[in-house]
Structure formats: C-alpha cells, structure tokens
Amino acid sequence: MTLLSRLRGEEQIDADRLVERVDAIDRFVHVVAGQLPEQRLIGAHTVVERAGARLALSRDHTVVALAGATGSGKSSLFNALARLDLSPVGVRRPTTGMAHACVWGNLQGANRLLDWVGVLPRHRFIRESALDGNDEAALRGLVLLDLPDFDSVERSHRLEVDRLLGLVDLVVWVVDPQKYADRVVHTRYLQAFHNHKDVTVVVLNQADRLPPAEVTRVLDDLRKLLDADDLDGVPLLATAALHQPAIADLRGLLEHTVAERQASLRRLSGDLDTVADQLSDVVGPAVAEDEIDRDTVHGLTDALSVAAGVPAVAEATERAYQHRAAQATGWPVVRGWRRLRADPLRSLHLPEGPVDPSTPVGTTSVPDPDSARRAAVSLAVRSVADRAAGPLPAPWATAVNTAARSRLRDVPDALDQAVARTNLHMDHSPSWWRAVNGLQWLVTVAAVAGLLWLVAGYALRVLGLPPLDYPKVGAVPLPTVMLLGGLLVGLLVGVLVRPLIRQASRRARRRAENRLRTGVAEVAREYIVAPVRAVLHSYAEAREALESARS
C-alpha cells in the first residue's frame with residue numbers, strides 16, 4: 001500500500017462531534033472548579049482555549065511546522081518545498097529564534113491565523129505568483145512554518161518551539177542520519193505526540209549522504225525507535241533538500257493534507273485525547289449521589305444529637321412532665337409547695353409548643369458540648385466523608401473531606417436553633433390530667449365540707465346550743481366520713497396516678513427525643529451531607545463530561 005493510499009483510508013473527523021468534545025471538556029472544567037487542584041486542570045483549560053480559537057479561525061488553511069534539531073537541514077527543506085530561499089540557512093547556530101512562514105495562496109486570508117500562531121509579519125511570505133501558473137495550486141491553503149532548533153543553546157528558542165508545537169495542525173519532524181536516534185527528540189518530543197499520530201510525520205533528511213543500502217537500514221532502525229515511542233504507523237520518509245525529486249513524497253503528503261482539510265481537526269482531536277488521558281485518574285466507577293448509607297447518617301445524627309444536648313432536653317422534658325402532672329393531679333392542699341420548684345424545661349428557655357418559622361428565636365440554655373462530644377462529632381463527620389470518598393478516585397477524597405467540614409463552624413448555632421424550634425408538645429394538658437384534677441377537687445371539697453360541718457357541731461356544743469344531728473354512715477357520722485374519706489381518697493388518687501405519670505413522662509421523653517433528632521438530622525443533611533452529595537453530583541457530571549469528551 002502506498003503512502004497516499006494509506007492516508008486516504010484514514011478516518012475522517014466530524015467537526016460537529018469535535019465541537020461537542022470541546023464543549024464536554026469545557027463542561028468538565030467548570031464542574032470540577034473548586035473541587036480539584038487547579039494545576040490538574042491547566043491542560044484542559046489550554047485545550048479548550050486553543051480549540052475554540054482554532055475552530056474560529058480559517059478552516060481553509062493548514063498549518064504545518066518543520067521541527068528539527070540543529071543541523072538537521074529543516075530550513076533547507078523549508079526552502080526546497082517553497083522553491084525559494086526564504087528561511088536563513090547558515091553554519092552558525094542558532095540561526096534564528098523566530099519562526100518563518102510561507103503561505104500558499106492568499107496571504108491576507110491566513111493573516112489572522114498567523115497572528116494567533118504568533119509569526120511576525122516580516123517573517124511571512126507568499127509563495128504563489130503569476131509566474132507559477134498552476135504549479136503550486138495543489139498546495140493552496142498550506143501555511144508552512146520553519147521553527148527554531150529545539151536543541152538550541154538559547155532557552156528562548158526552545159520555549160518558542162514548545163509554544164508553536166502546541167498550536168500547529170501538523171508537525172513534520174526532520175532528523176538527519178547522524179542524530180536520528182538522539183534521546184532529546186525521542187523522549188522530550190516524539191513520545192509526547194503518541195496521541196497525535198494522525199498529524200505527525202517523520203522525515204530522514206540528508207538521505208543523499210548515505211548509500212542506498214544504508215538509507216534502508218537507517219529507516220528500519222528509525223522505524224523501530226518510533227514504534228518504541230508509541231508512534232507506530234506514522235509516515236516515515238527519506239528526503240534530500242538539495243534534490244527536488246527526493247522531496248516528492250513529502251510534497252505529495254502535504255498536498256493530500258491540504259486538500260483533505262482534516263489536519264486541524266485531527267490535531268484538536270489528539271489534544272482532546274491527551275487531556276482525557278491526563279484526567280483519566282480523576283474519574284472512576286459511577287457513584288450514586290446517595291452513596292452515604294443510612295447507618296453512616298444515623299451515626300452522624302447520634303453524635304450531633306449528643307452535642308446538641310438532645311439527651312439533656314429529653315430528660316428535662318420527662319421531668320417537666322412529671323412536675324406539671326404532679327401539680328395538676330396532686331392533692332390540692334399540698335400543690336402550692338411544688339410551685340416553688342423551677343420547671344426543668346422552662347429553665348432551658350425552650351419553647352413548649354409550635355414556633356412560627358418566620359419568627360426569630362433566641363438561644364437556649366442547653367449546656368455547650370464538652371471536648372469529648374466535639375471529638376465524637378468530628379469523628380462522625382470524618383466517617384461520612386470516608387464513606388462517600390471510598391469509591392472515588394484519590395483526587396476527589398480531599399474535595400469530599402473539605403466539603404464535609406466546610407460548614408462545621410455553623411453547625412453549633414444551627415443545632416441550637418433546631419432544638420429551639422422543635423415542638424415538644426408540652427403546651428397543653430392531657431385530658432386525663434383534667435379528669436383527675438376534677439376528682440381531686442371534688443374529694444377535697446368533700447373533706448373541707450365535712451371538716452366545716454364537724455367544726456359547726458363542735459361550736460354549737462361549746463355555746464350550749466342543741467347539737468347537730470349528723471347523719472351516719474353505719475356508726476360513723478357523715479361529716480367524719482366526708483373528712484376522712486376526702487383525705488384518704490385524695491392521697492390514694494395521688495398515689496395511684498404516679499405510675500401513670502411516670503409511664504406518660506417516658507412517652508413524652510421519647511416523643512421529644514424523636515422530634516429533636518428529626519431537627520438534628522435536618523441540620524446533618526443540610527450542613528454536612530448536602531455539601532458531600534454536591535461533590536458526588538459534581539463527580540457524576542465530571543465523569544459524564546469526560547466520557548463524552550473521549551473519541
């Protein structure tokens with residue numbers, strides 16, 4: 001198979017699909033901004049910027065660079081292809097640190113492209129003229145660059161080469177028989193172009209200095225080196241700048257490249273492949289945004305509940321229930337002394353009923369967590385982060401841990417507000433309290449009435465008046481029955497309702513604890529779990545974008 005027939009069999013790059021891949025990389029960069037270190041995204045930023053600029057410029061021109069080491073003869077090859085002496089050729093090195101450009105066709109149409117590449121106007125030349133007729137028509141649209149030597153002793157020259165190699169559409173690497181195996185060209189440059197095989201050409205220049213058998217041997221050896229550089233299949237040609245027939249194959253390749261109008265697209269496709277490979281370690285298997293399991297969230301809620309003082313508030317709710325129930329159902333004669341005792345719930349400055357969400361609430365008097373409780377919260381937050389980061393590639397672990405701790409400073413106030421806004425349902429009395437209270441007042445009134453009745457009878461006897469004739473219950477006067485019965489029944493009711501009060505207070509404690517934990521769980525989700533899930537969401541979007549960016 002000839003070189004040109006093989007080139008014609010290359011897969012065509014769809015421009016619309018290429019734009020989609022660029023957009024996918026751009027989307028990836030925006031999604032992971034703030035999640036991954038910026039230095040990991042430099043290549044992606046650069047590719048998006050370069051691709052956008054190159055696609056906006058002329059698609060009718062193909063920028064081809066001749067790159068080579070000192071003495072490789074690339075400037076002579078440049079002049080030979082142009083059939084004019086345009087680029088300086090000399091013995092003193094470095095010859096020039098600036099690229100020269102030769103444009104086939106209308107120079108004006110390529111000026112914007114050369115401005116972007118950075119070739120100075122004084123180093124731009126137009127090849128075609130009226131004298132050429134159609135001799136150069138096959139290369140119309142070619143912008144050929146002669147780059148400085150990449151092994152120049154001048155560092156600025158090497159930097160200029162590196163910059164231009166990132167912008168051109170196709171690179172022709174020019175090597176000579178003496179230095180074709182030079183380590184610098186292979187390790188620093190050729191190996192870096194393994195994703196750009198479609199826009200890479202290697203020529204063995206000055207082949208006329210070797211016997212024909214030696215040319216074949218050197219080309220075979222160079223092919224092995226290119227295969228080792230992961231550049232298997234790239235075109236490899238032998239040229240001689242001083243003999244026009246010896247550059248016919250290279251000229252034919254350039255003509256095919258110019259006519260195909262695919263080099264710029266293939267170059268950008270290779271750039272996108274390179275970036276995708278560089279970022280391959282930052283994406284892995286698909287991870288659900290609810291990767292944080294219930295047990296992990298439950299453990300976090302437990303730690304935050306203890307830190308928020310939920311056990312203390314629940315205990316205060318239980319004691320407050322007992323305190324209020326004793327006041328409501330106890331013997332009215334001894335209720336007064338209970339009012340002298342502080343209500344355990346009100347001492348914490350907690351609301352007893354529903355709170356209007358639009359109404360601000362003050363801070364509570366719940367004790368602040370000690371160091372052990374704060375350490376437990378920190379450990380629980382770390383468990384959430386570790387659980388979420390477990391399936392993720394290493395670069396995301398830091399982002400997950402940072403997200404989990406991003407709002408920890410706001411958590412104490414949020415927990416206090418959650419406790420303060422929890423409806424403990426202690427703002428009303430149960431109906432059975434009122435029933436027992438009514439019974440207590442009834443027997444107390446009966447006891448007081450019996451006492452007054454007895455006192456009235458005693459007073460009549462003291463005054464020498466006829467005594468009262470008390471009705472009797474059996475052999476016991478009714479007033480005595482009323483007095484003693486009222487006292488005994490009141491005390492007995494107070495004793496009998498105590499187990500009911502204890503049981504009901506435990507239920508009140510459990511209800512309060514559940515409601516408080518619900519509020520604490522909301523804080524956990526909003527301040528710790530939600531930021532972590534946001535990172536997981538970013539990871540999923542980044543993974544999708546990077547998959548879309550792959551060819």
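Only heavy atoms go into these numbers, but all of them, side chains included; no hydrogens, no water, no symmetry mates.
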* To do: Give a yes or no on whether the backbone of Leu219 and the side-chain of Tyr180 come within a donor-acceptor separation of less than 3.5 Å.
  => no
* Donor-acceptor pair, side chain of Lys74 and main chain of Asp146, under 3.5 angstrom -> no
* Which heavy atom in Ala385 sits nearest to a heavy atom in Ala404, and how many Å separate them? -> CB-CB, 3.9 Å
* How about Arg209 and Glu214: do any of their side-chain heavy atoms sit closer than 4.5 Å? -> no
* Asked: Hey, are the side chains of Val119 and His100 touching, using non-hydrogen atoms and a 4.5 Å cut-off?
  -> no
* Asked: Side chains of Leu145 and Phe78: does their closest heavy-atom pair fall under 4.5 Å?
  -> no
* **Residue pair Pro235 / Val202, side-chain heavy-atom distance below 4.5 Å** => no
* Quick one: does Ser548's side chain have a donor or acceptor within less than 3.5 Å of a partner on Glu544's backbone? -> no
* Asked: Are Arg27 and Val22 side-chain neighbours, meaning at least one heavy-atom pair lies under 4.5 Å?
  -> no
* Asked: Does any non-hydrogen side-chain atom of Val520 lie less than 4.5 Å from one of Leu415?
  -> yes
* To do: Evaluate the side chain to side chain contact (heavy atoms under 4.5 Å, CB included) criterion for residues His196 and Val199: first the C-alpha distance (whole Å), next the side-chain angles of each, then the deciding distance (0.1 Å), finally the verdict.
  => CA-CA 5 Å; His196 298 85; Val199 290; 3.6 Å; yes
* To do: Not counting sequence neighbours, which residues clear side-chain contact (heavy atoms from CB on, under 4.5 Å) with Arg373? List them please.
  => Val306, Pro369, Asp370
* Side chain to side chain, Leu254 and Thr62, heavy atoms closer than 4.5 Å -> no
Show me the donor-acceptor pairs within less than 3.5 Å that the side chains of residues 34-41 make with the rest of the protein, sequence neighbours left out.
| residue | atom | partner | partner atom | Å |
| --- | --- | --- | --- | --- |
| Arg40 | NH1 | Asp281 | OD2 | 3.3 |
| Arg40 | NH2 | Gln278 | O | 3.0 |
| Arg40 | NH2 | Asp281 | OD1 | 2.7 |
| Arg40 | NH2 | Asp281 | OD2 | 3.4 |

* Would Leu279 and Val283 count as a side chain to side chain contact (heavy atoms under 4.5 Å, CB included) if you check the C-alpha gap in whole Å, the side-chain angles of each, and the deciding distance to 0.1 Å? -> CA-CA 7 Å; Leu279 297 173; Val283 296; over 6 Å; no
* Asked: So Asn205 and Thr239, side chain to side chain donor-acceptor pair (under 3.5 Å) or not? Walk me through it.
  -> CA-CA 5 Å; Asn205 197 26; Thr239 61; 3.0 Å; yes
* Asked: So, Asp16 and Arg21, do they make that salt bridge, N to O below 4.0 Å?
  -> no
* Asked: Are the side chain of Asp198 and the backbone of Arg266 linked by a donor-acceptor contact shorter than 3.5 Å?
  -> no
* Asked: How would you list all residue pairs meeting side-chain hydrogen bond (donor to acceptor under 3.5 Å, both in side chains) that involve residues 393-403, not counting sequence neighbours?
  -> none
* To do: Using a strict cut-off of less than 4.0 Å between a Lys/Arg side-chain nitrogen and an Asp/Glu carboxylate oxygen, indicate whether Glu255 and Arg140 qualify as a salt bridge.
  => no
* Between Ile25 and Leu546, is a side chain to side chain contact (heavy atoms under 4.5 Å, CB included) present by the stated rule, with each step listed? -> CA-CA 6 Å; Ile25 290 293; Leu546 197 58; 4.1 Å; yes
* Asked: Counting only N and O atoms by type, is there a donor-acceptor contact under 3.5 Å from the side chain of Ser378 to the main-chain atoms of Arg374?
  -> no
Would you tabulate the side-chain donor-acceptor contacts of residues 161-177 under 3.5 Å, counting partners in other chains and residues two or more places apart, or write 'none'?
| residue | atom | partner | partner atom | Å |
| --- | --- | --- | --- | --- |
| Asp162 | OD1 | Tyr189 | OH | 2.9 |
| Asp162 | OD2 | Arg188 | NH2 | 3.0 |
| Arg163 | NE | Glu160 | OE1 | 3.3 |
| Arg163 | NH1 | Val117 | O | 2.7 |
| Arg163 | NH2 | Val117 | O | 3.0 |
| Arg163 | NH2 | Glu160 | OE2 | 2.9 |
| Asp169 | OD1 | Arg54 | NE | 3.1 |
| Asp169 | OD2 | Arg54 | NH2 | 2.8 |
| Asp169 | OD2 | Val63 | N | 2.9 |
| Asp176 | OD1 | Gln178 | N | 2.9 |
| Asp176 | OD1 | Lys179 | N | 3.0 |

* To do: Test side chain to side chain donor-acceptor pair (under 3.5 Å) on Arg517 and Thr301 and set out the steps.
  => CA-CA 7 Å; Arg517 281 180 61 87; Thr301 303; 5.1 Å; no
* Please round to the nearest 0.5 Å and tell me the distance separating atom CG of Leu77 and atom OG of Ser72. => 8.5 Å
* Asked: Does the side chain of Thr46 reach to within under 4.5 Å of the side chain of Glu49, using non-hydrogen atoms?
  -> no
* SB check Arg158 Asp151 (cutoff 4.0 Å) -> no
* Give, for atom CZ of Phe125 and atom CH2 of Trp104, the distance between the pair rounded to the nearest 0.5 Å. => 11.5 Å
* Residues which pass salt bridge (charged side-chain N to carboxylate O under 4.0 Å, His left out) with Asp386, listed by chain and number, not counting sequence neighbours -> Arg382
Side chains of residues 224-231: which donor-acceptor partners sit under 3.5 Å, not counting sequence neighbours?
| residue | atom | partner | partner atom | Å |
| --- | --- | --- | --- | --- |
| Asp229 | OD1 | Gln191 | NE2 | 3.2 |
| Asp229 | OD2 | His186 | ND1 | 2.5 |

